[in-house]
Student: 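Can you keep this structure in mind? I'll have questions shortly.
Just so it is clear: chains get the letters A, B, ... in the order the sequence lines come, proteins before strands, and each one is counted from 1.
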Amino acid sequence: MSVRVRFAPSPTGFLHIGSLRTALYNYLFAKHHGGQVILRIEDTDRTRFVQGAMEEQIAMLEWAGVTFDEGPHVGGSYGPYIQSERFDLYREHAQALLANGTAYYAFDTAEELDAMRARQQAAGIAPRYDRSAMRNQYTLGDQETARLLADGAHHVIRLAVPLTRDVRYTDLVRGDVVVQGREIDDQILLKSDGFPTYHLANVVDDHLMAITHVIRAEEWLPSTPKHVLLYEAFGWTPPEFAHVPLLLNADRSKMSKRHGDVMVSDFRKRGYMPEALVNYVALCGWNPGTTEEFFTIGELTERFALDRVHKAGAVFDYRKLEWMNAEYLRKADAALLAEQLLPVLSERGYPFIDLDTVAATITLLRERVHFLADIADFGDYIFGDTLAALDADVEASLRANDALVQVCKGLVGTLDLSSSEAFKASVEQHAVAAGVKPGSLMKPLRMVLTHRDVGADLYTTLALIGKERCIARLASFAG
RNA sequence: GCACCGUUCGUCUAGCGGUUAGGACCCCGCCCUUUCACGGCGGUAACACGGGUUCGAGUCCCGUACGGUGUACCA
């Protein structure tokens, strides 16, 4: 049987970095086995729906290179792929459960349920739906239930969890998991508004869409027994489950907004390359078993296996991500990067610069920065005509350097940028005349010409700035 | 509280009974470079604790501690 996995986000906002990783693992696993990846939108909670969230999430996924074989945006033969368009299906299936006695009607109000929980809490017992004390099909009887239903009373449908047995399943990441039935709540399947809960919709859809492997985050682990029970109630074979570890904040809590950027769009905005983000995130919880750590998404697909997924959560290390982005920045094609940098440059008000110059600047400076856009700042003395203001003290000490002033003056007429050697020779000539070693002039010269004390090789930098602008800068300093 | 899951350097991790416990990020030192960075070399740093099992345990078992997740008519 062909592998079919699904990524099932709910359209309540932007795509979380953890969701990206879950989607990625699904994608890698399916593609590794030559299977299909399905996108399904779980919008059964009408109150949390956010307009445009689905499109945003798809866009971010595609930016990262995670694509789908089926989904609301590409179609497929198991649709519709949006749960709100499948409501009849859930109702029918809930009815089937009612008919075979694995589900029942309940009529409790929110207040009654709150009171129940308060009582349980006071008594020091676990809050769980008390089937024998609340207003439901069991306590009311079939006749009263039918009457209430006929009256149009608000009701829900709950799963009748068998109290006396264990529920067990094998998790592909964690191994065997056993939970006692009495620990599992009588989960609501169909809400009083007629909409299904996640639990029902998820099981029905996974079955109907022929999903073979459910790969999702660890937070779903505690509710998996309910799902296993649902498959049983329907008489279906459950899919394989794999619960992948969470991405964590530095304090080891579930990765969240308060501790830094968590939306994929944030990372994109900050200038991360998708290849770097995917590579890094893949390594949070999975490794190939070797010491290699650079992988394209294709290589990840080749190597990925669920049995090499780590069990414990991974603290998200922004610094290592940054390092990895820098690595990708150094290896990427300079011409391609130049095209990406061009709009940034014009946004910052630099005059039009030809692509080759931008590419050459990127090649020159990329190993000194972590992000492509940093080059726009770092290379301001190449891209712009005017230099950043000089610190007053620095300027004073520069002007106090007689030899430097003298050399700069001389260079105005004789600066030779035809080659590195020619440049050095022209500096040397004036340095000797001024009675100083040429080497001692390199730093101050850089200061005069770029207003920076650090940078790439001076000759190459100057060549990029161009003779004309260099001479103007020398003249403005020495003149 | 209860249930489930987890626990190797600060962080990501390798390890699947016998290792000087390896790699990467970070940090530090040296080299390269009259700058910065890259690069190269080297260094600091970990098996949560207690019992077993075994000739031998980071590796297997049981406890304890700590942490996380869940405990909704949210997903």
Side-chain angles (χ1 to χ4, degrees), chain A residues 8-12 42-48 83 106 108-110 113-114 117 120-121 123-129 154-158 171 173-175 177-180 182-185 187-199 201-202 216-225 243 245-246 248-254 280 283-294 307-308 310-324 326-327 330 364-369 378 437-447 450 452-458:
Chain A
S10 93
T12 53
E42 311 223 320
D43 59 343
T44 54
D45 184 358
R46 291 182 298 179
T47 62
R48 298 209 306 161
Q83 289 187 329
D108 317 281
T109 63
L113 290 169
D114 286 346
R117 287 189 198 102
Q120 290 168 331
Q121 202 147 5
I125 58 174
R128 230 183 306 280
Y129 185 74
H154 269 270
H155 64 274
V156 299
I157 296 174
R158 284 184 182 267
D171 189 284
V173 172
R174 279 145 222 285
V177 179
V178 185
V179 180
Q180 294 182 303
R182 49 188 290 263
E183 301 295 347
I184 305 168
D185 208 358
Q187 184 62 50
I188 289 180
L189 266 19
L190 212 62
K191 308 181 218 177
S192 59
D193 60 4
F195 286 57
T197 58
Y198 166 82
H199 305 283
N202 156 268
R216 58 186 11 169
E218 190 184 347
E219 52 196 331
W220 293 109
L221 203 50
S223 52
T224 304
H243 289 90
L246 260 20
L248 271 25
N249 295 310
D251 66 1
R252 305 203 73 85
S253 58
K254 189 158 78 169
Y280 174 73
L283 259 19
C284 285
W286 172 86
N287 75 83
T290 67
T291 58
E292 303 157 273
E293 50 186 357
F294 288 99
D307 60 16
R308 290 210 64 89
H310 204 72
K311 290 186 179 74
V315 173
F316 194 89
D317 187 348
Y318 291 91
R319 300 183 67 144
K320 187 156 185 177
L321 204 213
E322 205 166 288
W323 163 79
M324 185 158 272
E327 290 290 315
R330 283 178 211 130
L364 187 67
L365 301 178
R366 78 208 310 189
E367 64 199 29
R368 292 169 173 76
V369 298
F378 204 89
K437 284 186 187 167
S440 70
L441 250 24
M442 288 311 187
K443 266 171 94 167
L445 224 36
R446 174 188 301 281
M447 211 60 204
T450 69
R452 303 258 184 165
D453 57 357
V454 300
D457 170 72
L458 189 55

Student: Tell which nucleotide pairs with rA48(B), taking only Watson-Crick or G-U wobble pairs whose two distances are both under 3.5 angstrom.
Tutor: rU64(B)
Student: Between R216(A) (CZ) and rU69(B) (C1'), how many Å, whole number?
Tutor: 13 Å
Student: Using the P atom as the reference point in each nucleotide, state the distance between rC28(B) and rU34(B) in Å, no decimals.
Tutor: 24 Å
Student: Polar pairs (N or O, both sides) under 3.5 Å between protein and nucleotides 11-15 of chain B?
Tutor:
residue: rC12(B); atom: OP1; partner: V315(A); partner atom: N; Å: 2.9
residue: rC12(B); atom: O2'; partner: L283(A); partner atom: O; Å: 3.2
residue: rU13(B); atom: OP1; partner: G285(A); partner atom: N; Å: 2.7
residue: rU13(B); atom: O3'; partner: N287(A); partner atom: ND2; Å: 2.9
residue: rA14(B); atom: OP1; partner: N287(A); partner atom: ND2; Å: 2.8
residue: rA14(B); atom: OP2; partner: H310(A); partner atom: ND1; Å: 3.2
residue: rA14(B); atom: O3'; partner: R308(A); partner atom: NH2; Å: 3.3
residue: rG15(B); atom: OP1; partner: R308(A); partner atom: NH1; Å: 3.3
residue: rG15(B); atom: OP1; partner: R308(A); partner atom: NH2; Å: 3.2

Student: Please give the distance between the P atoms of rC38(B) and rG29(B) as a whole number of Å.
Tutor: 14 Å
Student: Strictly by Watson-Crick or wobble contacts shorter than 3.5 Å, is anything paired with rA24(B), and which nucleotide is it?
Tutor: rU11(B)
Student: Which atoms of nucleotides 46-49 of chain B (N or O only) lie under 3.5 Å from a protein N or O atom, and what are those distances?
Tutor:
none

Student: Write down the partner of rC2(B) under the Watson-Crick or G-U wobble criteria, each distance required to be under 3.5 Å.
Tutor: rG70(B)
Student: Among all residues two or more places apart in sequence or in another chain, which pass the salt bridge (Lys or Arg N to Asp or Glu O under 4.0 Å) test with E219(A)?
Tutor: K254(A)
Student: Between rU59(B) and rG52(B), how many Å separate the two P atoms, rounded to a whole number?
Tutor: 15 Å
Student: How far does the P atom of rC27(B) sit from the matching atom of rC66(B), given to the nearest Å?
Tutor: 34 Å
Student: Over all heavy atoms of both residues, which pair between K191(A) and D45(A) is shortest? Give the atoms and the distance, please.
Tutor: NZ-CA, 4.0 Å
Student: Roughly how far apart, to the nearest Å, are rA21(B) and rC61(B) at atom P?
Tutor: 23 Å
Student: Run E327(A) and R330(A) through salt bridge (Lys or Arg N to Asp or Glu O under 4.0 Å) and show every step you take.
Tutor: CA-CA 5 Å; E327(A) 290 290 315; R330(A) 283 178 211 130; 2.7 Å; yes
Student: Expressed in angstrom and rounded to an integer, what is the separation of K311(A) atom NZ from rU7(B) atom P?
Tutor: 7 Å
Student: If you measure from the Lys or Arg side-chain nitrogens to the Asp or Glu carboxylate oxygens, is any gap between R128(A) and E183(A) under 4.0 Å?
Tutor: yes
Student: For a quick check, with a 4.0 angstrom heavy-atom cut-off, what is the B/S/- contact string for nucleotides 28-39 of chain B, read 5' to 3'?
Tutor: ------BBBBSS
Student: Which atom pair, heavy atoms only, marks the closest approach of A250(A) to V315(A)?
Tutor: CA-CG1, 3.8 Å
Student: Give the B/S/- string for nucleotides 70-75 of chain B, one per nucleotide from 5' to 3', where a protein heavy atom under 4.0 Å of the base yields B, of only the sugar-phosphate yields S, and otherwise -.
Tutor: SSSBBB
Student: Name the pairs: protein N/O against N/O of nucleotides 61-66 of chain B, kept only if under 3.5 Å.
Tutor:
none

Student: rU69(B) P sits how many Å from D171(A) CG, rounded?
Tutor: 18 Å
Student: Provide the distance between the two C1' atoms, one in rC47(B) and one in rG39(B), to the nearest whole Å.
Tutor: 33 Å
Student: What nucleic acid atoms does L321(A) come within less than 4.0 Å of, heavy atoms only: base, sugar-phosphate, or nothing?
Tutor: nothing
Student: Say you pick atom C1' in rC31(B) and the same atom in rC12(B); how far apart are they, in whole Å?
Tutor: 29 Å
Student: Which value, in whole Å, describes the distance between the P atoms of nucleotides rA14(B) and rA57(B)?
Tutor: 23 Å
